[in-house]
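One-based numbering, in listed order, for ligands and for the atoms of each.
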Amino acid sequence: MPQQIPFLDLVTPHRDLKSELLSVLEKAIDSAGYIGGPMVKGFEEEFARFCNVKHCVAVNSGTDALRFAYIAGGIRPGDEVITVPNTFIATTESITQAGAHILFVDISEKTYNLDPQQLRAFLEKTCAKDRQNKKTINKQTGRRVAAVVPVHLYGQMADMDAIIGIAEEWHLMVFEDACQAHGAEYHSKRNGEWRRAGSLGKATGFSFYPGKNLGALGEGGAITTNDDETARICRCLRDHGQARKYYHDMEGYNGRLDAIQCGFLSVKLRHLPEWTAARRRNANRYNELLKSADGVIAPFEPDWSRAVYHLYIVRVKNRDAVQQRLAETGIGSGMHYPVPLHLQKAYGHLGYGKGDFPVTEKAAAEILSLPMFPGLTKEQQESVVRELVR
Ligand SMILES: *Cc1c(COP(=O)(O)O)cnc(C)c1O
């Protein structure tokens, strides 16, 4: 093979930071500080500051972050929660784990994120407002529709002004799935300023899975929120429902994030702004290289968005053949995601079928994730595009 261009590079950043990362380990070993303690508190404060939000609660995965956010924020067993079928299954697993039912609404063809117009159309057609009790009922099931979960997929935020506006009209809570969007920004006209992912909803779930823009050296996640009570309950939930050792206010989970991982994350968080800048530079370079490429649709970034390009997604008609060709020339690529959630075997019981979410289904057949990581070089990008359009 003439070249090897990986889909992502998890070796170089950690090799570059090796001595700092090892000193985190030494600190933990010397102090026997493995659970809780100053490294956890330190990282939580730093990440809250990074997101421009009041609280951060570190937990052991993005999936648990979402589950705890939903439960602490007020989703109750038997409620229904709206999200998109174009996402990773953790978005919806956590809804079910909170005891709620999943409802899907289709995405926008341009941004691949929740389409506010489709959200409004769904609510108007299927739901009724109970103005007196300030809640919304699904006319078909009689259940309360409690919340909507926009997913900031691929590192670009959903259209939050529009979604929050609709949610207020319909008495819905908004939870962000920012597992792919650390540091992504949205220009909110409501607030008259740029806002970071994790600072707009009632609470937000982040993932620090190694491949994410900010990744631990293992599993990790966090909830961010401006709501004191939601943060307090999340802290309880991650630690067996106790605010004080062996005094349990509620049943919880073993959902803490190790001190060592928090220490690693603090080291890496300091480099995140420069890594994000590199990802954005690489995305611009791909955009330039693809300008004259027939049949390849590059990502769309609205003027209200500053995306962090967790993934760089193009659309091509003959996707499987293109991916095969890239693989044969040593270029890694991915599909995010090949099977929409409403067509997964795990969700057969929800009763959805082919054709229910046409925008998602069409995208699933055509999307291809190109190599994207901060250290990707211009030469590598030129090779990728050369093979892509060949
Ligand atoms: C990664 C991811 C999650 C889950 O995070 P984990 O840390 O793997 O549990 C949830 N939602 C989305 C969109 C993700 O990409």
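Side-chain atoms of Glu361 come within 3.5 Å of backbone N or O of Phe357 as a donor-acceptor pair. Judged by distance alone, the side chain of Thr126 and the main-chain N or O of Leu123 form no donor-acceptor pair under 3.5 Å. Under the 3.5 Å distance criterion, the side-chain polar atoms of Glu44 are left unmatched by any main-chain donor or acceptor of His55.
Proximity to Thr91 (heavy-atom distance under 4.0 Å) selects the following atoms of ligand 1: 11 (N). The atoms of ligand 1 that sit less than 4.0 Å from any heavy atom of Gly220 are 7 (O). Annotation for ligand 1: atoms under 4.0 Å from non-hydrogen atoms of Ser61 are 7 (O), 9 (O). Near Gly62, with a cut-off below 4.0 Å to any heavy atom, the atoms of ligand 1 are 5 (O), 6 (P), 7 (O), 9 (O).
Of the protein's heavy atoms, Asp177 OD2, 2.9 Å lies nearest to atom 11 (N) of ligand 1. Among all protein heavy atoms, the one lying closest to atom 4 (C) of ligand 1 is Ala90 CB, 3.5 Å. Atom 9 (O) of ligand 1 has its closest protein heavy atom at Thr63 OG1, 2.5 Å. For atom 2 (C) of ligand 1, the closest heavy atom belonging to the protein is Lys212 NZ, 2.6 Å. Remark: minimum distance from atom 15 (O) of ligand 1 to any protein heavy atom is reached at Gln180 NE2, 2.8 Å. Closest to atom 8 (O) of ligand 1, if we only count protein heavy atoms, is Ser207 OG, 4.0 Å.
Using the six-membered ring where Trp is involved, Phe206 and Phe208 have ring planes that are parallel, under 30° apart on the 30 and 60° scheme.
A salt bridge links Glu387 with Arg390: the closest approach of a Lys/Arg side-chain nitrogen to an acidic carboxylate oxygen falls below 4.0 angstrom. A salt bridge links Lys317 with Glu366: at least one charged nitrogen is closer than 4.0 Å to a carboxylate oxygen. Of the charged side-chain nitrogens involved, at least one lies within less than 4.0 Å of a carboxylate oxygen, so that Arg120 and Glu169 count as a salt-bridged pair.
Looking at Thr87 against ligand 1, only its side chain comes within 4.0 Å, counting heavy atoms. Only the side chain of Cys179 comes within 4.0 Å of ligand 1, counting heavy atoms alone; its backbone N, CA, C and O stay farther away.
For the 3.5 Å distance criterion, the side chains of Asn213 and His310 qualify, holding a donor opposite an acceptor.
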